[in-house]
Amino acid sequence: MPQYQQQQFPQYQQMPQYQQMQPPAQQTMLPSEQSYIENILRLNEGKTATVYMTFENNEQWNAKIFKGIVEAAGRDHIILSDPKTGKRYLLLMIYLDYITFDEELNYQYPFNGGQITQQPTREDT
């Protein structure tokens with residue numbers, strides 16, 4: 001029987017994850033790594049928003065507009081309440097086009113002991 005020589009391949013170590021250098025943020029600004037839509041919405045809970053969404057392949061309503069008070073937001077959803085009807089909407093971020101507000105947005109994190117919830121990324125789960 002012929003003998004086969006086992007080939008040795010060099011082992012590579014996994015490179016550390018690249019971290020982009022960013023200029024130091026002002027203390028009152030939302031840190032850029034936390035500047036996700038859900039965190040911006042959380043900073044603006046209680047404000048009236050108009051949410052524009054598109055639902056592909058839907059013959060009844062391809063695009064829809066929801067107006068209401070931002071009650072909560074998560075990584076994949078927004079909860080709005082319509083004060084006129086009392087109806088609450090659980091809207092999925094996957095359909096989100098954009099959001100408008102009729103007033104100034106809070107984009108600065110209030111440093112009063114509270115925390116912005118950091119959701120684990122999909123790579124972490």
Side-chain angles (χ1 to χ4, degrees):
M1 255 195 195
Q3 287 191 345
Y4 295 99
Q5 194 173 31
Q6 189 171 356
Q7 202 170 16
Q8 295 279 13
F9 292 102
Q11 291 188 353
Y12 294 99
Q13 292 182 351
Q14 188 174 3
M15 297 293 289
Q17 197 172 33
Y18 175 74
Q19 293 181 344
Q20 184 177 358
M21 296 296 289
Q22 295 181 1
Q26 294 177 357
Q27 283 216 326
T28 58
M29 290 189 66
L30 185 65
S32 61
E33 64 273 5
Q34 293 181 346
S35 183
Y36 296 107
I37 293 171
E38 68 265 22
N39 287 334
I40 296 167
L41 288 170
R42 285 184 190 125
L43 290 173
N44 291 281
E45 285 178 3
K47 293 186 178 184
T48 301
T50 306
V51 179
Y52 298 84
M53 304 188 109
T54 303
F55 304 90
E56 293 183 30
N57 301 319
N58 188 325
E59 293 181 17
Q60 287 182 330
W61 33 269
N62 180 274
K64 195 158 172 85
I65 300 170
F66 299 89
K67 188 165 184 150
I69 297 170
V70 177
E71 293 211 352
R75 182 173 33 182
D76 65 348
H77 66 278
I78 305 166
I79 297 176
L80 286 185
S81 64
D82 184 344
K84 293 178 183 174
T85 64
K87 199 177 256 193
R88 287 189 166 66
Y89 298 98
L90 174 62
L91 306 172
L92 301 180
M93 291 275 199
I94 193 168
Y95 302 117
L96 179 65
D97 292 325
Y98 63 97
I99 303 171
T100 62
F101 291 83
D102 292 334
E103 59 186 295
E104 190 173 329
L105 289 177
N106 293 325
Y107 193 74
Q108 296 181 344
Y109 182 70
F111 285 93
N112 60 0
Q115 292 271 335
I116 289 183
T117 305
Q118 277 193 303
Q119 300 288 335
T121 62
R122 293 180 186 193
E123 291 81 36
D124 294 339
T125 56

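- In terms of heavy atoms, D102 sits closest to K67 at OD2-NZ, 3.5 Å.
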Before you tell me yes or no, could you show the steps for V70 and F101 under side-chain contact (heavy atoms from CB on, under 4.5 Å), namely the whole-Å CA-CA distance, both residues' side-chain angles and the distance that decides it to 0.1 Å? CA-CA 10 Å; V70 177; F101 291 83; 4.1 Å; yes
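- Within a 6.0 Å sphere centred on OH of Y89, heavy atoms belonging to other residues, nucleotides or ligands number more than 12.
- Residues L43 and N106 come closest through the heavy atom pair O-ND2, 3.1 Å.
- Closest non-hydrogen pair, I69 versus P83, comes out as CD1-CG, 4.0 Å.
- The two residues R88 and S81 have their closest heavy-atom pair at CG-CB, 3.9 Å.
- The 12-atom threshold is not exceeded at CD of E56, counting heavy atoms of other residues, nucleotides or ligands nearer than 6.0 Å.
- When hydrophobic clusters are built by joining Ile, Leu, Val, Met, Phe, Trp and Tyr residues whose side-chain heavy atoms come closer than 4.5 Å, directly or via intermediates, W61 is not grouped with I65.
- Under the 4.5 Å side-chain criterion, counting only non-hydrogen atoms from C-beta, L91 is not in contact with L96.
- If you take NE2 on H77 and CE on M93, they are separated by 8.0 Å, rounding to the nearest 0.5 Å.
- Between Y98 and Y52, the ring planes are parallel. Angles under 30° get that label, and only those over 60° would be called perpendicular.
- Both V51 and I37 are part of a single hydrophobic cluster, where members link through side-chain heavy atoms under 4.5 Å apart.
- Taking Ile, Leu, Val, Met, Phe, Trp and Tyr as members and joining any whose side-chain heavy atoms lie under 4.5 Å apart, directly or through other members, the hydrophobic cluster of I79 also contains L90.
- Atom OH of Y36 sits about 14.5 Å away from atom CG of L41, to the nearest 0.5 Å.
- The nearest pair of heavy atoms linking G68 to L80 is O-CD2, 3.8 Å.
- Separation of atoms CD1 (I40) and CD1 (I99) is listed at 9.0 Å; rounding is to 0.5 Å.
- Between the CG atom in N62 and the CG atom in N57 there is a gap of 8.5 Å [rounded to 0.5 Å].
- How far CZ of R75 is from CD of E38: 7.5 Å, rounded to the nearest 0.5 Å.
- Residues forming a side chain to side chain donor-acceptor pair (under 3.5 Å) with K47 (at least two apart in sequence, or on another chain): N44.
- Interatomic distance, I94 CD1 to D76 CG, rounded to the nearest 0.5 Å: 9.5 Å.
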